[in-house]
Amino acid sequence: MNIGYPCINRSLGCTASHTFRLRSYSSARLFETVRANLLCLRRVLEFNRENNLLFFRVTSDLVPFASHPVCADPWPEAFAAEFSSLGALIKNSTMRISMHPDQFTLINSPDADIFRRSAAELNYHALVLDLLGLDLTAKIQIHGGGVYGDKSKSLDRFCRRFERLNKKIRRRLVVENDDRQYTVADCLQISRRTGIPVLFDSFHHQLNSNGEDVAGAMGMAAATWGKRDGPPMVDYSSQKKGERSGSHTESIDLRDFAAFITAAGSLDFDIMLEIKDKEKSALLARNFLAKVKRI
DNA sequence: AGGTGTCAAGCGTCC
DNA sequence: GGACGCTTGACACCT
């Protein structure tokens, strides 16, 4: 089992998600920003390797405006060597990578233009993973999308639109249950019809499910991951006390985490901790799992 | 230097 | 029909 955290490391004093305003776009600004982001990404990956945190989500902001029409600059060529070198670092340390486009990426929108923009955004994500030279265990996770007043029709549209995506996207795409609309059962339907794996999100399942227990839902999601996809990926978080339902906890609640690990039983998976203090909680989780001999 | 309004993108919910 | 939240985090302009 690998432990991971998303996008940002809070103890290094750099971030790989520097961006700028659209109106400040220039080739120079783009290259300067991407260069700085990749330098920071290297530091974060080195930190992860040294601390045995072998699962990491790369930020979608690595290349600002990458899928926007304004960006005609040849960043993939300009940074090919740097990407390849980062990829070697990842592979040599047996690290696993995921990416998670934000809520604007919706392949099931009835609006053809939103689909077109979403496909462009997914192309960018697949390109980053390809430039890193990673195998198909590196995944891109998205949600089911909007319901648009009819979930079954919208779920159909997801599956039809999926077929129109580039193969480089299709082979890396996984679908994750969300906290309000598409449950694990909905995602399993998508999986049956498209062949893509289901990424189980424990916190979303708590908030939005069809009543399945954690072990059952997780087991069904895990069964959708093929050999070439690698071990199932799982997102974990817990409720921030005294906040609106669905808001992520500031720091890991080890009692809740222990209960989750127990519920998961003997299943093998990689776990992403969606917790605000990032690597700090990931280190606590790593220590806990070392004690109970799961890693 | 520090404070704060705003940012490419969309959905659903609440008012 | 408009504001708001969503892992908001980070920029960019203001004082």
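Each chain gets a letter, A, B and so on, in the order the sequences are listed, and its residues count up from 1.
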Any side-chain N or O of [X] less than 4.0 Å from the OP1 or OP2 oxygen of [N]?
X      : N      : result
A:H100 : C:dT7  : no
A:S24  : C:dA12 : yes
A:R117 : B:dG10 : yes
A:S67  : B:dA8  : no
A:S109 : B:dC11 : yes
A:K276 : C:dT8  : yes
A:R10  : C:dT7  : no
A:S17  : C:dA10 : yes

Could you check A:L41, A:L89, A:N51, A:L12 and say which one makes a side-chain contact (heavy atoms from CB on, under 4.5 Å) with A:E46?
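The option that passes is A:L89.
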
Side-chain donor-acceptor pair present, [X], [Y], cut-off under 3.5 Å:
X      : Y      : answer
A:D253 : A:S238 : no
A:D73  : A:S27  : yes
A:R42  : A:S85  : yes

What integer distance in Å separates A:D102:CG from B:dC7:C1'?
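Going from CG in A:D102 over to C1' in B:dC7 covers 12 Å.
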
Please give, in whole Å, the distance from C:dC11 C1' to A:D61 CG?
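Rounding to the nearest Å, CG of A:D61 and C1' of C:dC11 are 12 Å apart.
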
Side chain of [X] - closest among [options]:
X      : options               : value
A:R57  : B:dG10, C:dT7, B:dA9  : C:dT7
A:F104 : C:dT7, C:dA12, B:dA9  : B:dA9
A:R23  : C:dT7, B:dC11, C:dC13 : C:dC13
A:L22  : C:dA12, B:dG10, B:dA8 : B:dA8

Of A:R21 and A:E274, whose nearest nucleotide on DNA chain C comes first from the 5' end?
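Of the two residues, A:E274 wins.
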
